[in-house]
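For this chain, numbers begin at 1 and follow the sequence in order.
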Amino acid sequence: QHSASKAQQGRVDALASAGEALSQQLSDRAEEAARHRGQTAAALEEATRPLSSEVRQLQAQCRALEAALAAQAKAEARRASLETSRAGGLEAGLDLLRER
């Protein structure tokens, strides 16, 4: 009975040791995965930084072009309005001259 108990204790100790070894392996793998994730995130950030700058520049250029186009459209509308009113004024003046 004593030898059976001793054998059982040996198996328990062996299982505990194997469990500790597995736990350490998992811990090491988790640390490695975290390290790899951090390196990947840093590499992606470094790679996308110039692109972010270019995107901001393009957005600013688009806003400037939109403003220029809006100003041009406004100026053309004003010109058309003035031409229409001038034409109407000339016609009215001609009508007055015809009546005389």
Which value, rounded to the nearest 0.5 Å, describes the distance between [X] atom [atom1] and [Y] atom [atom2]?
X   : Y   : atom1 : atom2 : value
L51 : R56 : CG    : CZ    : 10.5 Å
L15 : R11 : CG    : CZ    : 9.0 Å
R63 : Q59 : CZ    : CD    : 6.0 Å
L58 : E54 : CG    : CD    : 7.0 Å

- Should the pair R29-E32 be classified as a salt bridge under the 4.0 Å nitrogen-to-oxygen rule?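 Salt bridge flag = no for E32 with R29.
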- Going by an N to O cut-off under 4.0 Å, is there a salt bridge joining R79 and E83?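 Looking at E83 together with R79, the answer is no, because their closest N to O distance does not fall below 4.0 Å.
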- Task: Could you tell me whether the side chain of S27 and the main chain of S23 form a donor-acceptor pair under 3.5 Å?
- Result: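 No; zero donor-acceptor contacts below 3.5 Å.
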- So does Q8 have more than 12 non-hydrogen atoms from other groups sitting under 6.0 Å from CD?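 Count not over threshold, so no.
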